[in-house]
Trainee: 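The following block contains the structure, expressed as structure tokens.
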Amino acid sequence: MSLSTLLVLADGRLPSGAHAHSGGVEAAVSAGRIHDLPTLESFLVGRTATTGTVAAAFAAATCRALTSGRSGVGTVPHARDEATPSDGDGARLAERVAALDDGIDVRTASPALRVASRAQGRALLRAVTRIWPAATNPAGPNPHHPIATGIAAAAAGLGPGDAALVAVYGGLTGSASAAVRLLGLDPYAVHALVARLAPECDRVAADAAARADDPVDDLPAGSAILLDLDAEQHAIWEVRLFAS
Amino acid sequence: MRPDNRAVRIGIGGPVGSGKTALVAALCRLLAGELRLAVVTNDIYTTEDADFLRRAGVLPDDRIRAVETGCCPHTAIRDDISANLDAVEELEDRLGPLDLVLVESGGDNLTATFSKGLVDHQIFVVDVAGGDKVPRKGGPGVTTADLLVINKTDLAPLVGADLGVMARDARARRGDLPTVFLSLVGEPGAAPVADWVRERVAEPHHTPRDHDPAPAHTHGP
Ligand SMILES: Nc1nc2c(ncn2[C@@H]2O[C@H](COP(=O)(O)OP(=O)(O)O)[C@@H](O)[C@H]2O)c(=O)[nH]1
Ligand SMILES: [Mg+2]
């Protein structure tokens, strides 16, 4: 694994549209559920344990599907060139990734969140195909965000655990940063919170990597009903600062 | 139709309230009869804005797309242009070939400019009510925009703004780049800007750009 490449992908400045998504924070702030540091903390803990864990698992599984034929995953950036899949492998790969994409669909109750996830997936793919033009994308132009994250990690020469970490950590920092912007919270205090929760991201990512070959139906399926309900409301607001 | 079948993309930036939306509406009114055009707005966008553009600009709703910028209007036009590119491409796909796409930025400060990955040309709009020192302050918007618009000249006597000073400072900051003074409440309104836009659209080859996403390679059946 290349740590510096992992940082490129996890950097909030990667132009992948993330800054315009609040991970549900804008709606939760408006509903009065997040208004200070403790309420932000419980939101982030809950989000990481549900949506974050699902995203990590599906990003890891997608990355695994794309890199399983690669020798020494993540250690040699272009090792996959030696392991170009045969047609049969290609079909199996496309089938697995399509099943993973469907798996996110059925785990995302809110239609607005499905749209938001595909918009983020499309934006991330746009960045990936510009940064790593040899990227393999068996998922079509509008994959769900975790699927695109797995594709991105594979394209960058990273492995399933890295993909999972990018997914769960990106969800955490994206939401935390939205809260800073919406509530004017002390950015040091919020980053102290992020630092406290970061080890949980490691744990979630390790778990996701360990299950990356599991059947789709066995992968995590946690969800938070208020995230779904809030997202539906948020999508019909007249004035929104964040896309989701 | 343009050689590469893509509309000319013009960004309209500048501080809040300087008249960007009013300029977009005036341009739509002047150009909608002769050019196939669409608008992407990054402003905090209400149904009133849409109504305004529809009433004032002869522009149906389906030719306007609003983009959320997550409280960071400058990020959406400069550092992470993906949502704007997505909106522009969606309009082009849905409406068929276009001649011109106007992208209005969310109001920001004097340092916010558009990425060349998003637009081919940019207009920066300031107004005389913001003070006649604005051109002297410079900043990337005033200094580098392809066209500087100094709007609301009708208000100059009311706010004690010296248009001569503004013209002199703009020339000092911008060298040969053009500056126009406008009042969108009177005549000739946006006509000089519309002429400038027509010239940009008529240019045989706009700056070639390479941002259009190459479809990722697909394995499988
Ligand atoms: N007096 C005067 N008012 C103007 C002019 N242009 C725009 N306005 C007004 O200025 C206000 C802000 O304009 P708007 O286009 O919404 O600004 P934006 O925030 O840059 O999009 C509106 O009330 C406009 O009607 C002008 O040339 N003269
Ligand atoms: Mg406006």
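In the text below, chain A, chain B and the rest are named by the order of the sequence lines, each starting its count at 1. What you see below is based on every heavy atom in this structure, not just the backbone, and it leaves out hydrogens, waters and symmetry mates.
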Trainee: Around atom CZ of A:Arg33, are there more than 12 heavy atoms of other residues, nucleotides or ligands at under 6.0 Å?
Mentor: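 More than 12 within 6.0 Å, yes.
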Trainee: Might you confirm whether atom CZ of A:Phe43 has over 12 heavy atoms from other residues, nucleotides or ligands at distances under 6.0 Å?
Mentor: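 Atom CZ in A:Phe43 is packed in, count exceeds 12.
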Trainee: Would you mind reporting whether A:Leu182 and B:Cys71 have side-chain heavy atoms less than 4.5 Å apart?
Mentor: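 When only atoms from C-beta onward are counted, A:Leu182 and B:Cys71 do touch, with a gap below 4.5 Å.
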Trainee: Could you check whether A:Arg122 pairs with B:Glu89 (Lys NZ or Arg NE/NH1/NH2 to Asp/Glu carboxylate O, under 4.0 Å)?
Mentor: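 Salt bridge flag = no for B:Glu89 with A:Arg122.
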Trainee: How close do A:Leu14 and B:Asp80 get, heavy atom to heavy atom, and via which atoms?
Mentor: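 Shortest heavy-atom separation between A:Leu14 and B:Asp80 comes out as O-OD2, 3.8 Å.
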Trainee: Quick check on A:Ala18 against chain B: is it the side chain, the backbone, both or neither that has a heavy atom closer than 4.5 Å?
Mentor: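 Contact with chain B is through the backbone of A:Ala18 alone.
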Trainee: Is it true that atom NE2 of A:His35 has more than 12 heavy atoms of other residues, nucleotides or ligands lying nearer than 6.0 Å?
Mentor: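 It does: A:His35 NE2 has more than 12 such atoms within range.
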Trainee: How about CZ on A:Arg13, more than 12 heavy atoms from neighbouring residues, nucleotides or ligands closer than 6.0 Å, or not?
Mentor: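 No, CZ of A:Arg13 has 12 or fewer neighbouring heavy atoms, counting only those of other groups under 6.0 Å.
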Trainee: Quick check: do A:His19 and B:Asp79 have side-chain heavy atoms less than 4.5 Å from each other?
Mentor: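 Side-chain contact under 4.5 Å: no.
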Trainee: Report the distance from atom CG of B:Asp86 to atom CD of A:Gln120, rounding to the nearest 0.5 Å.
Mentor: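 Here the rounded value is 11.5 Å.
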Trainee: Output the distance between atom CD (B:Glu68) and atom CD (A:Glu26), rounded to the nearest 0.5 Å.
Mentor: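 It comes to 8.5 Å.
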Trainee: Looking only at heavy atoms, what is the nearest atom pair of A:Gly17 and B:Ser82, with distance?
Mentor: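 Result for this residue pair: N-OG, 3.0 Å.
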Trainee: Kindly check if the number of other-residue, nucleotide or ligand heavy atoms within 6.0 Å of CD (A:Glu95) is above 12?
Mentor: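 12 or below, so no.
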Trainee: Please determine, among A:Ala119, A:Ser16, A:Ser244, the option with the most heavy-atom pairs under 4.5 Å with chain B.
Mentor: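 Heavy-atom pair counts peak at A:Ser16.
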Trainee: Side chain, backbone, both or neither: which part of A:Ala178 has an atom under 4.5 Å from a heavy atom of chain B?
Mentor: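 It is neither, since no heavy atom gets under 4.5 Å.
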